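Throughout, protein chains are lettered first and strands after them, A, B, ... in sequence-line order, and every chain is numbered starting at 1. This one's a predicted model, so the numbers in the text were calculated from it and none came from an experiment.
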2 protein chains.
Amino acid sequence: MKYVFTTVIKRQRMKHKGKTNPPGRIKIMKSFSGLMAQKDFHSITTAEIASNARVTEGLIYKYFKDKKDLLYQVLNEHFFEFQAKIENRIANEKTCIEQLEVVIFSSLESYAENRIFSKILLLEVRNSLEFFDSCAYEMVRKYSRTILEIIENGIKTGELKPDVDALTLRKVILGAIEHACLGEIIFGKELDIDDVSSGIANIVFNGAKA
Amino acid sequence: MKYVFTTVIKRQRMKHKGKTNPPGRIKIMKSFSGLMAQKDFHSITTAEIASNARVTEGLIYKYFKDKKDLLYQVLNEHFFEFQAKIENRIANEKTCIEQLEVVIFSSLESYAENRIFSKILLLEVRNSLEFFDSCAYEMVRKYSRTILEIIENGIKTGELKPDVDALTLRKVILGAIEHACLGEIIFGKELDIDDVSSGIANIVFNGAKA
DNA sequence: TCATAGAGGTAAGTAACACTTACTCACATT
DNA sequence: AATGTGAGTAAGTGTTACTTACCTCTATGA
């Protein structure tokens, strides 16, 4: 009989707790980020990543389980800053409406400021179910939960109509944000964050019907 | 000097005008559709598609430029029915609000009824820029244009507020629809179309603010 | 002081995959 | 009867993600 450990027992796993973040690892992530700005994930080869980082291909697999793992970790880094910035801003607002306006504006701003981040999140990671087990997705969920809490609180305090469904409102807000960014990411156009975010807020809060 | 025709002059290109839709081609598309219901695009191999269709791998490349082209053509087929159904329904409604409600409901319905279609459209095609040159994307644009026209008309007739931006309203509607479907596609949950579509319409038309 | 463990990094593979080439067969048209 | 053509096959080939085995430092503790 044959027993196989499918859970990863990588021979050399980095101790990403703390000090040692070897130069090779950093070079690989930087190299990959740079390439992601130019082309899509699948047309970037491991050979390309390595030569661009001036290391050998094998080294990639010392620090990353596979190519996708590299993708997720790069995403995760960007996500971290994003998350921190928004949570801070939200804390500065009092009313539910203002908080949601911050969510809309800051999300658009982050997406616009950080093309690679948004490209990965909106276009690349979704097509593989692995992502939804990754720690990067855990952050998405946390962000998502924060928004839901704001909404539920707004309904409770009477700021929002009692008949709106919190989950649906979140869908509308997040969907609008993502959709607004897509065109800009894909076709590389600039987007007027102030315009778009106040436009979305106007519709979502006041409604479009005359 | 060397001249290369980069525009496709495939040796044998199907005359998709009309009668001959060879059994092999149909088998390949059916096989691929079936596999797409089970796993994601990248983990489906050409060998798998071929053996599942009981043809040889080479035949795939007689009818399709490459694996992605097969993806786009399958998408295109599904899209065609979708488009026709919706345009019909829209024609039966008079007011702008009713028409947009039809758009929301029918989109959700189509996505729910047709998992492969939605999976391809929402998760698989986006990560490659080629898609945005394909004829499948041309249909997306057409659909998108129809919605914009309904909105612009609604603003003109006074059904919608004059201060809403038509493009933004479209973003909100489309974004909400897509976002609503994503979770269901990814995690395979059922979605209550009536609930979700009336919820979205409620927020978009009446606003969430008390 | 010196063996050694282990991290950082390399070089040379390999299996699998998307895609190609060169071919055969059936059959309609002249 | 010759020929052209569409449907389909069989056997490749180059590329790519990933693996294995190895080297080379350096820090530590017996």
Round to a whole Å and report the spacing from NZ of B/K68 to P of C/dA18.
12 Å

Test: A/E138 and A/R145 ion pair at under 4.0 Å:
yes

Protein-nucleotides 9-12 of chain D N/O pairs closer than 3.5 Å?
from, atom 1, to, atom 2, distance (Å)
D/dT9, OP2, B/T56, N, 3.1
D/dT9, OP2, B/T56, OG1, 3.2

Would you indicate, yes or no, if C/dA7 has its OP1 or OP2 atom less than 4.0 angstrom from a side-chain nitrogen or oxygen of A/Y63?
no

Residues in residues 30-44 of chain B with a heavy atom under 4.0 Å of DNA chain D, by number, are none

Contacts of A/D165 that satisfy side-chain hydrogen bond (donor to acceptor under 3.5 Å, both in side chains) - sequence neighbours left out:
A/T168

Between C1' on D/dA7 and CZ on B/R25, what's the gap in Å once rounded to a whole number?
14 Å

Which whole-number value in Å describes the distance from B/F64 CZ to C/dT20 C1'?
18 Å

Nearest whole Å is fine: how far is C/dA18 P from B/D69 CG?
15 Å

Without decimals, in angstroms, what is the distance between A/L70 CG and D/dA17 P?
11 Å

Taking only residues two or more places apart in sequence or in another chain, which ones pass side-chain hydrogen bond (donor to acceptor under 3.5 Å, both in side chains) with A/N52?
A/S31

What are the residues of residues 124-136 of chain A, sorted by number, that bring a heavy atom to within less than 4.0 Å of DNA chain C?
none

Charged N-O contact under 4.0 Å between A/E178 and A/R126
yes

Going by side-chain hydrogen bond (donor to acceptor under 3.5 Å, both in side chains), name the residues that satisfy it together with A/K67, two or more places apart in sequence or in a different chain.
none

According to salt bridge (charged side-chain N to carboxylate O under 4.0 Å, His left out), who are the partners of A/E130, at least two apart in sequence or on a separate chain?
A/K68

Among all residues two or more places apart in sequence or in another chain, which pass the side chain to side chain contact (heavy atoms under 4.5 Å, CB included) test with B/S134?
B/Y72, B/F131, B/A136, B/Y137

Sequence-distant partners of B/E81, salt bridge (charged side-chain N to carboxylate O under 4.0 Å, His left out), two or more places apart
none

Non-neighbouring partners of A/E77 that pass salt bridge (charged side-chain N to carboxylate O under 4.0 Å, His left out), sequence neighbours left out:
none

Under 3.5 Å, is there a donor-acceptor pair between the A/N153 and A/E149 side chains?
no

Applying side-chain hydrogen bond (donor to acceptor under 3.5 Å, both in side chains), name anything that partners A/S118, two or more places apart in sequence or on another chain.
none

For B/T46, report the nucleic acid contact type (base, sugar-phosphate, nothing); a contact means any heavy atom under 4.0 Å.
base

Return the value, rounded to whole Å, for the distance between atom NZ of A/K27 and atom C1' of C/dG8.
11 Å

Side chain of B/K67 (C-beta onward), nearest among D/dG8, D/dA17, C/dC19:
C/dC19

Rounded to whole Å, CD of A/E48 lies from P of D/dT15 at a distance of 14 Å

Nearest to side-chain heavy atoms of A/D66, which nucleotide of D/dC18, C/dG9, C/dC19
D/dC18

Measure from the side chain of A/Y61, starting at C-beta and using heavy atoms only, and say which of D/dT19, D/dG8, C/dG9 lies closest.
D/dT19

Could you tell me which residues satisfy side chain to side chain contact (heavy atoms under 4.5 Å, CB included) with B/D194, sequence neighbours excluded, listed by chain and number?
B/F105, B/D192

